[in-house]
Amino acid sequence: MADDQATLSLGGKDQGFPVRHGSVGPDVIDIRKLYAQTGAFTYDPGFTSTAACESAITYIDGDEGILLHRGYPIDQLAEKSTFMEVSYLLLNGELPSKGELERFTYTISRHTMLHEQLSTFYRGFRRDAHPMAIMCGVVGALSAFYHDSTDITDPQQRMIASHRLIAKMPTIAAMAYKYSIGQPFVYPQNSLTYTGNFLRMTFGVPAEPYEVNPVVEQAMRTIFILHADHEQNASTSTVRLAGSSGANPFACIAAGIACLWGPAHGGANEAALNMLREIGRPERIPEFIARAKDKDDPFRLMGFGHRVYKNYDPRAKVMQKIAEQVLGELGVDDPVFDVARELEQIALHDDYFIEKKLYPNVDFYSGVVLSAIGFPTSMFTALFALARTVGWVAQWNEMISDPEQKIGRPRQLYTGATQRDYVPVEQR
Ligand code: SDX
């Protein structure tokens with residue numbers, strides 16, 4: 001077979017399937033005709049070996065711990081770029097010129113307000129509702145407000161919906177926080193940066209002026225960049241699958257928020273800080289390491305391990321630096337940070353974690369920083385959703401405009417009852 005063919009031998013018959021090569025990373029075996037040619041499906045729950053799409057947005061090399069957004073390494077973007085610039089890059093494929101960045105930033109700043117009716121929507125939630133429950137509800141409800149941007153076959157309307165989502169997520173997240181603490185909503189102030197606006201809406205009050213702390217603003221900007229996109233993770237795949245049916249873009253993003261909430265995914269930042277607080281002091285670390293290694297104990301080290309990274313998550317390295325900067329700048333002496341660093345060192349030298357290639361991921365240190373800035377743990381995943389929205393909409397746009405795209409409809413290995421006749425209840 002030509003070297004760009006894979007051969008499968010099934011039932012004594014050899015079948016060839018084309019092998020496709022990306023610009024970098026693993027080749028793929030194109031099995032779209034497998035069922036037609038062999039009558040068999042592949043079986044890959046969790047999609048550990050499955051490429052669900054072709055994409056040019058984000059590349060991850062899990063063995064080397066590399067993360068590129070449109071080819072640019074995450075550590076360079078984290079150090080040199082802004083969230084608006086990275087958002088433009090993810091959406092459009094190239095870094096913007098000065099003029100393009102100014103126009104994009106202006107456009108986003110003009111969509112930061114929410115329809116006043118949505119303020120009423122918040123009042124339907126209990127005050128102690130989890131911010132992610134509110135985010136799911138409010139973002140889904142946006143689909144009831146925008147009928148002028150739901151022809152998803154029109155690239156212009158897709159971009160309007162994308163800009164609205166990127167612009168409104170900080171307002172929605174800040175309002176969820178304000179609602180939970182019984183403070184009044186703070187309207188956007190468009191003269192501020194995207195991140196500064198979010199901090200003011202979150203921590204400002206009408207009773208006094210709010211000064212954005214530049215160190216906190218820079219830390220939040222970098223945290224948003226670190227969370228912006230991450231290839232075909234669970235929530236992005238959820239957005240793509242929802243979008244493949246032609247669903248309303250706001251409803252698709254609400255589906256992504258729902259998936260991100262899980263503690264195995266974006267909910268891990270909240271779970272990781274709760275775990276570090278439960279450990280409390282370095283002396284208790286061995287007890288939790290033992291639990292994480294115990295097959296009969298469902299406990300896992302939150303913020304550790306990753307489906308793709310079998311090396312250090314490059315975002316975790318940046319996050320650890322931000323933690324040192326922010327805690328130093330704010331004069332926060334949080335014992336949880338010491339526990340995190342001690343836990344990391346112990347785990348990285350433990351055979352179990354070495355063998356299974358378990359390293360800290362983006363969620364391990366993020367909670368330490370967010371807590372130092374003043375966010376409650378319940379807001380951590382809402383901040384992740386805020387930042388990941390640009391990745392979700394970039395991937396959604398790419399999916400809709402992909403000529404090879406079809407509605408996602410996986411099959412199964414059926415192990416249930418074969419056909420049998422109905423038995424009336426009197427005879428059972
Ligand atoms: C994110 O996909 C993405 O890109 C996600 C994300 C993004 O930006 O979108 O990067 C964000 O979700 C980061 C991950 C956050 N989740 C956590 O920190 C939760 C804790 N981590 C684990 O639940 C786990 O590592 C996953 C869910 C992240 C990955 O799980 P996999 O790929 O399904 O791996 P696995 O469960 O098969 O684990 C392999 C082995 C298992 O042991 P064996 O069955 O082979 O004996 O490693 C063990 C697991 O038990 N293991 C852990 C562990 N993670 C995996 N053991 C202890 N502690 C852990 N954290």
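Whatever order the structure lists ligands and atoms in, that order sets their numbers, starting from 1.
Taking the six-membered ring where tryptophan is involved, the planes of Phe125 and Tyr122 are perpendicular, since the angle between them exceeds 60° and thus also 30°. The aromatic rings of Phe375 and Phe203 sit tilted, their planes meeting at an angle between 30° and 60°.
Nearest to atom 60 (N) of ligand 1 among the protein's heavy atoms is Leu301 O, 2.8 Å. With respect to atom 17 (C) of ligand 1, the closest heavy atom belonging to the protein is Ala268 CB, 3.5 Å. In terms of protein heavy-atom proximity, atom 28 (C) of ligand 1 is closest to Gly305 O, 3.7 Å. For atom 46 (O) of ligand 1, the nearest non-hydrogen atom of the protein is Lys295 NZ, 2.8 Å. Of the protein's non-hydrogen atoms, the one nearest atom 2 (O) of ligand 1 is Asn233 CB, 3.4 Å. Nearest to atom 54 (N) of ligand 1 among the protein's heavy atoms is Leu358 CD2, 3.8 Å. Considering only non-hydrogen protein atoms, atom 13 (C) of ligand 1 sits nearest to Asp363 OD2, 3.4 Å. Nearest protein heavy-atom contact of atom 47 (O) of ligand 1 is Lys356 CD, 3.5 Å.
Under 4.0 angstrom from ligand 1, there are no non-hydrogen atoms of Phe364. At a heavy-atom distance under 4.0 Å, no atom of Gln232 approaches ligand 1. Contacts between His306 and ligand 1 below 4.0 angstrom, taking non-hydrogen atoms only, involve backbone and side chain alike. Of all the heavy atoms of His265, the ones lying under 4.0 Å from any atom of ligand 1 are found in both the backbone and the side chain. When heavy-atom distances to ligand 1 are checked against a 4.0 Å cut-off, Ala234 has no atom that comes that close, whether in backbone or side chain.
Inclusion of Val362 in the set of residues having an N or O under 3.5 Å from an N or O of ligand 1 is not warranted. At a 3.5 angstrom cut-off on N or O pairs, Lys310 does not count as close to ligand 1.
Residues Leu226 and Arg315 share a closest heavy-atom pair of O-CD, 3.2 Å. Here the closest non-hydrogen pair linking Ala219 and Ile322 is CB-CG2, 3.7 Å.
Nearest-residue assignment for atom 36 (O) of ligand 1 (options Arg307, Arg300, His227, Met302; heavy-atom criterion): Arg300. Of the listed residues (Phe304, Tyr359, Phe299), the one carrying the non-hydrogen atom nearest atom 21 (N) of ligand 1 is Phe304. Counting only non-hydrogen atoms, the option in Gly303, Ser235, Ala271 that gets closest to atom 18 (O) of ligand 1 is Gly303.
Residue contacts with ligand 1 do not include Glu231, since none of its heavy atoms lies under 4.0 Å from the ligand. Within the structure, ligand 1 has Asn361 among the residues with a heavy atom less than 4.0 angstrom away. Within the 4.0 Å heavy-atom cutoff, Arg388 counts among the residues contacting ligand 1. For Pro263, the heavy-atom gap to ligand 1 drops under 4.0 angstrom.
Under 4.0 Å is where a charged nitrogen must lie from a carboxylate oxygen, and between Glu355 and Lys293 no such pair does. Between Arg291 and Glu287 there is no salt bridge, since none of the side-chain N atoms of the basic residue sits less than 4.0 Å from a carboxylate O of the acidic one. Salt bridge present: Arg240 and Glu398 bring a charged side-chain N and a carboxylate O closer than 4.0 Å.
One N or O on the side chain of Lys168 and one on the backbone of His111 form a donor-acceptor pair closer than 3.5 Å. When atom types are taken as modelled, the side chain of Asp350 and the backbone of Ile346 share no donor-acceptor pair closer than 3.5 angstrom.
Taking a distance limit of 4.0 Å, we find that atom 9 (O) of ligand 1 is approached by some protein heavy atom.
Between the side chains of Thr112 and Asn197, no donor-acceptor pair of N or O atoms lies under 3.5 Å. Side-chain atoms of Glu85 and Thr82 form no donor-acceptor pair, as typed in the model, at a separation below 3.5 Å.
Put simply, the residue from Ile257, Asn397, Thr238 that forms a side-chain contact (heavy atoms from CB on, under 4.5 Å) with Trp392 is Ile257.
Counting only heavy atoms from C-beta outward, the side chains of Glu329 and Gln218 never approach each other to under 4.5 Å.
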Take Phe299 and Phe288 through the test ring pair (Phe, Tyr, Trp, His ring centres under 6.0 Å) and record every step on the way to the result.
-> CA-CA 8 Å; Phe299 172 79; Phe288 284 81; 5.8 Å; yes

